[in-house]
Enquirer: 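Mind having a look at this structure? Questions to follow.
Computed over heavy atoms, backbone and side chain alike; hydrogens, waters and symmetry mates excluded. This chain uses plain numbering: 1 for the first residue, then up along the sequence.
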Amino acid sequence: MTERTPLLHYRLSTSVNESERRAPPAGQAPEQHPGGPRQKSSQQRQPKKLSIFFGVVIPTLLSMFSVVLFLRIGFVVGHAGLYQGIFMFLVAYFIICMTVLSVCAISTNGALDAGGAYYMISRALGPEFGGSIGIMFFLANVCGSALYVLGLVEAIVATFGVPEDGTLATSPYQVLPSGYWWSLLYGTGVALLCLLVCMVGAHIYAKATFLIFLVVMFVLGTIFVSFFAVGPRTITLPRFSSSTPITNTTMPTFPTTANFTGFKLDTLLGNLWADYTKDYTTDTMMTFATVFAVMFNGCTGIMAGSNMSGDLKNPSYSIPRGTITAVIFTFIIYNLLSVLVACSCDRVLLQRDYSFLRDINIWRPFVTIGVYSSTLSAAMSNLIGASRILYALARDDLFGKALSIAKKTSQGGNPWVSVIISWFLVQLVLFSGKLNTIASIVTIFFLLVYAAVDLACLALEWASAPNFRPTFRYFTWHTCVLGIVGCAVMMFLINAIYASASIAFMLLLLLLIHYLSPTSSWGYISQALIFHQVRKYLLMLDVRKDHVKFWRPQVLLMVSNPRSSVGLITFINDIKKSGLYVLGHVQLGDLNTLPSDPLQSQYDSWLSLVDHLNIKSFVNLTLADSVRHGIQHLLFISGLGGMRPNTLVLGFYDDCLPKDKLIDPSLCTSQSTDPSCLSQEVEQQTPLFHFASLRGSSDRKDYGESGDGKFLGPQEYVAIIADAMKMLKNVVLARYFNNFDRAQVLSPPSSSPGKGAVYVDVWPVNLLRPDSSSYVDTCSLFLLQLACILNMVRAWRKATLRLFLCVEEGRSVRGSEEKLGQLLKELRIKAQVYTVPWDQQVALHWQRQGEWSKKRSSQSLDTASEEKKPRTEEEDEDDYVNSFPSNTTRLSDDYVSAVNKLILEQARPPPAVRFLYLPRPPADTQRYTTYLHQLDLLTQDLGPTLLIHGVTPVITTDL
């Protein structure tokens, strides 16, 4: 069958995922695969027996033909009048019809199981909404069951109860004591009767409801006949003691009799318009909202069939057809009765006697039997519905051990513990005493659930998921929106306080489930909606409209092994400034020689790492024959549309021994500091992170190490930097971040030299080009921008930027400092400027230059003759400033070491991180090793350092 084919239907719910919904806790053996022996035997023990008529039509009709039909139809017309009464029914049925369309759409999009509306909502909107709405629906059914029990008690007392005011009984059958506690006792007895029937199981309940259905239909037929067969008569009104003590004998007295006039025009004209008075059972003034609240309870039974979804033969087929049939039938009956009542009964009779249908029937016991049967059936329907919802909630483990006891079932599959819990809560609600007292609460609960069902269908429709293709097509997103708006408006019209409290309680449950419940495998509609919206806005993000004013760093951080890169990963997360952040990794290999893609199994570990570090990052892995080619792939294809990396971040190429930061070294049982010890135990301590072990002290830099022994060499490393600059990507090299601890860096001890202050040092000059002191080239401004962005992050706002201005003798120190200060002011960058004399270091440079003067002259002439093309003066200066010295202007190691020492001398107190200028790699690839060696000397022992090279303008002074 198609419902057993995963590719052919939406995984909202399937009959196949029974083992998924009943997945055991960790440590227990999983259940058999669907179709195995255990599942087959389970299906034999728990067959779905009920058809569309017995499982949906009858429960829905009996839930809707209960209190309102026999006890409150006159109440509605008597207070609201025929016009407003029919308007109320139109509004109520409009709301429930919109919800029925949503229920039909969801229920025909896959196989349903126990839980009805809860099952639909939870599998559509996810566990948070599903669990919170499930609890609200459970409470709605509990309160609804209590409401129907109170309606039955009211009918029993009206027929057999002794008048409360002490007057003589008008009937020999009025023998039962009356009063609050006696009514509570009668209600307890009725609830116990419902409990006994529901404890037997759904099949016996269905048989009982079928007999009740026959009785109710027969009684309904006698009622219609009675309007035509019974002549006019005077009816004695019931006497109810008022809850307000009578202290003034001049207060108006209510009539003791009223007339059934038969069909008369005067009677109809007197009942057309509203006439709201006090309700004689609760002594409270009625309004449109309170009457609508009572009336709407006759429409809340539309979920009775879906609540039985776990006991139906074919829920997807039965629920739409059965529910629609019941709704149409009840709408016709309610409106016909309203017209007949308005044409034949005095308004006083409708307002003062809610049991008048019994008095005008051809045989009075018929209506009494109908009232008892329908209210008892509705009470049982809500009780069994509440128990099924509670059982479904417990089985899904959304509330942990709190509901675990409700999972227990009998051999026949009846959740008897859930039935007992539901009955106990019904008993508590019975203490409210009167039907009209809890009518508003019940109505608001049901309206909230109906709005959630509409929301679930709306979300599925808006998400445009290919697998949402219900066979029921008579709905659109407009019907869903109308249903939601209608439910929300009526909730607040009925009682704004109750409505607000219900929504607040639902949101509290939503947050509770979000933070406490485990991740489900149902699928989250939020992911589909996010995908839909992100795709739409990505298409609107036009790269041709980019402007420097709105530039932000979009970073691709290459990670060899996350175990040793935790510090760098968290730091780069701070400088992305709400931009794109991608963790990239290259695994060496050839897909032609592998049986499958080895990267697919690694994504879970990387995503778990992102969650563990609490960073906002994407993960992009690639398979390549070399690290260089892999990084080229990622730079070409990472991102989408206007969201593509513009900055490449690499770890520095050195021999520093990495340390595993994903485990606590103190937990290593061998008490060794060797990484091999830690890596052997990492699987037991962090099972989510299945990353390779770290290299030992004898290994070279092993970015992207694979089993074939390929490593990243210095030549290839510098080539990667050159490739990125050719692609117009900014490049950042990060060194000494192995031991970087963000929390420790940002909270230095007060006893430190800086007295707890945090500093970020910026050297915006190309220190490997001492013959240039330009601070306004593209690379320098990019370096200043990144430092400023770091300082804008909330955690780094207390950090102080220190900008170091290198000066030589004979130059205007004050002029250079003022010029730089003016630049910082225009760029809105707050920093402390320090002048650093470096004459001794520059002298070492020029001394080396003299030794190579002849070679420089000859090679300069050769270069000029080979590469003659027109260039602007600005381009020449920019290239000169940010380039690495060619082989004719080699720097001595003494000079670079002297500059390194100069940087260290200025670090008082030491900064949290340094930003240095990264020159371009030399054009001659044979000089790559020298280039890397010079960078190594420059950053030796500097602590966390970023070497930065920018290729695009990122700063503007314009508005």
Side-chain angles (χ1 to χ4, degrees), residues 547-555 571-572 574-579 646-649 725 728-735 758-769 772-793 796-807 815-836 838 874 877-883 899 903 906-907 911-920 938-939 942 944-959:
H547 194 277
V548 66
K549 289 189 295 185
F550 309 111
W551 180 91
R552 66 182 72 238
Q554 306 199 76
V555 182
F571 178 78
I572 297 300
D574 284 339
I575 66 171
K576 68 179 186 301
K577 188 56 179 174
S578 302
N646 56 30
T647 303
L648 174 67
V649 181
M725 294 181 184
L728 297 181
K729 306 294 183 184
N730 309 300
V731 178
V732 178
L733 306 183
R735 190 174 191 185
V758 179
Y759 295 96
V760 176
D761 286 1
V762 183
W763 295 75
V765 68
N766 187 352
L767 296 174
L768 299 185
R769 274 280 188 196
S772 170
S773 58
S774 173
Y775 289 92
V776 292
D777 68 295
T778 300
C779 187
S780 295
L781 294 178
F782 181 81
L783 191 145
L784 287 173
Q785 179 78 322
L786 283 191
C788 180
I789 288 174
L790 179 66
N791 199 210
M792 293 168 67
V793 177
W796 291 85
R797 284 177 185 169
K798 294 182 180 179
T800 302
L801 294 184
R802 296 189 301 190
L803 194 61
F804 293 94
L805 177 64
C806 298
V807 295
S816 300
E817 190 172 351
E818 289 180 354
K819 182 180 179 182
L820 183 58
Q822 182 63 29
L823 175 66
L824 294 177
K825 184 177 179 181
E826 292 178 356
L827 298 177
R828 291 90 62 201
I829 297 176
K830 186 178 180 180
Q832 297 177 1
V833 180
Y834 296 86
T835 56
V836 180
W838 65 333
E874 183 178 349
E877 181 183 358
D878 212 36
D879 279 356
Y880 174 77
V881 169
N882 62 35
S883 63
V899 173
I903 296 173
Q906 302 302 319
V913 64
R914 288 181 174 87
F915 288 70
L916 301 184
Y917 194 115
L918 174 67
R920 283 181 178 272
L938 179 66
T939 57
L942 290 186
T945 302
L946 295 181
L947 287 161
I948 301 171
H949 183 90
V951 297
T952 55
V954 296
I955 285 181
T956 179
T957 57
D958 298 333
L959 286 177

Enquirer: Please answer whether the main-chain N or O of Val951 pairs with a side-chain N or O of Asn730 as donor and acceptor at a distance below 3.5 Å.
Expert: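 Yes, Asn730 side chain to Val951 backbone: donor-acceptor pair under 3.5 Å.
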Enquirer: CG of Leu947 to CZ of Phe915: how many Å apart, nearest 0.5 Å?
Expert: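 Atom-to-atom, Leu947:CG and Phe915:CZ are 11.0 Å apart.
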Enquirer: How many angstroms lie between CD1 in Ile829 and CE in Met792, if you round to the nearest 0.5 Å?
Expert: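 Reported to 0.5 Å precision, the distance equals 10.0 Å.
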Enquirer: Could you grab the distance from atom CZ of Phe571 to atom CG of Leu946, nearest 0.5 Å is fine?
Expert: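 Atom-to-atom, Phe571:CZ and Leu946:CG are 5.0 Å apart.
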Enquirer: Side chains of Asn646 and Thr952: does their closest heavy-atom pair fall under 4.5 Å?
Expert: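 Asn646 does not reach Thr952 side chain to side chain.
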Enquirer: Heavy-atom distance under 4.5 Å between the side chains of Tyr834 and Gln906, does that happen here?
Expert: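 They are not in contact (no side-chain heavy atoms under 4.5 Å apart), so the answer is no.
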Enquirer: Under 4.5 Å between any side-chain heavy atoms of Tyr917 and Asp777, yes or no?
Expert: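 Yes, their side chains come closer than 4.5 Å.
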Enquirer: Tell me if a side-chain donor or acceptor on Asp761 pairs with a main-chain N or O of Arg914 at a distance below 3.5 Å.
Expert: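 Judged by distance alone, no pair lies under 3.5 Å.
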Enquirer: What pair of heavy atoms forms the shortest contact from Arg552 to Gly579, and how long is it?
Expert: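 Closest approach of Arg552 to Gly579: CD-CA, 3.6 Å.
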Enquirer: Is the backbone N or O of Ala799 less than 3.5 Å from a side-chain atom of Asn791, with the two atoms forming a donor-acceptor pair by type?
Expert: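 Such a contact is found between Asn791 side chain and Ala799 backbone.
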Enquirer: Can you name the closest pair of heavy atoms from Leu938 and Leu942 and give their distance?
Expert: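 Nearest heavy atoms, Leu938 then Leu942: O-CD1, 3.4 Å.
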Enquirer: Rounded to the nearest 0.5 Å, how far apart are CG of Leu803 and CG of Leu823?
Expert: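 Rounded to the nearest 0.5 Å, the CG-CG separation comes to 9.0 Å.
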Enquirer: Working to the nearest 0.5 Å, report the span between CG of Asn766 and SG of Cys806.
Expert: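 It comes to 10.5 Å.
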Enquirer: Are the side chain of Arg802 and the backbone of Val760 linked by a donor-acceptor contact shorter than 3.5 Å?
Expert: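 Not confirmed, Arg802 side chain does not pair with Val760 backbone.
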Enquirer: Heavy atoms only: give me the nearest Pro764-Ser780 pair and the separation to one decimal.
Expert: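 Closest approach of Pro764 to Ser780: O-OG, 2.6 Å.
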Enquirer: Quick check: closest heavy atoms across Gln785 and Trp551, and the distance to 0.1 Å?
Expert: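 Shortest heavy-atom separation between Gln785 and Trp551 comes out as CG-CZ3, 4.0 Å.
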Enquirer: Quick one, Lys576 and Ile572 - any side-chain contact, counting heavy atoms below 4.5 Å?
Expert: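 Answer no - side chains too far apart.
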Enquirer: With a 4.5 Å limit on heavy-atom distance, are the side chains of Val758 and Lys798 in contact?
Expert: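 The answer is no; the side chains never approach within 4.5 Å.
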Enquirer: Are Leu781 and Leu827 close enough, and set up right, to give a side chain to side chain contact (heavy atoms under 4.5 Å, CB included), and what steps lead you there?
Expert: CA-CA 10 Å; Leu781 294 178; Leu827 298 177; 4.0 Å; yes
Enquirer: Do Leu786 and Thr647 have side-chain heavy atoms sitting under 4.5 Å apart?
Expert: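 They are not in side-chain contact.
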Enquirer: Taking only residues two or more places apart in sequence, or in another chain, which ones meet Arg735 in a salt bridge (Lys or Arg N to Asp or Glu O under 4.0 Å)?
Expert: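 Listed in chain order: Asp654, Asp936.
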Enquirer: Between atom CG of Leu768 and atom CG of Leu918, what is the distance when rounded to the nearest 0.5 Å?
Expert: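 The CG atom of Leu918 is 9.0 Å from CG of Leu768, to the nearest 0.5 Å.
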Enquirer: Which residue, Val732, Ile575, Ile789, forms the side chain to side chain contact (heavy atoms under 4.5 Å, CB included) with Pro553?
Expert: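 Considering Val732, Ile575, Ile789, a side chain to side chain contact (heavy atoms under 4.5 Å, CB included) with Pro553 is found only for Ile789.
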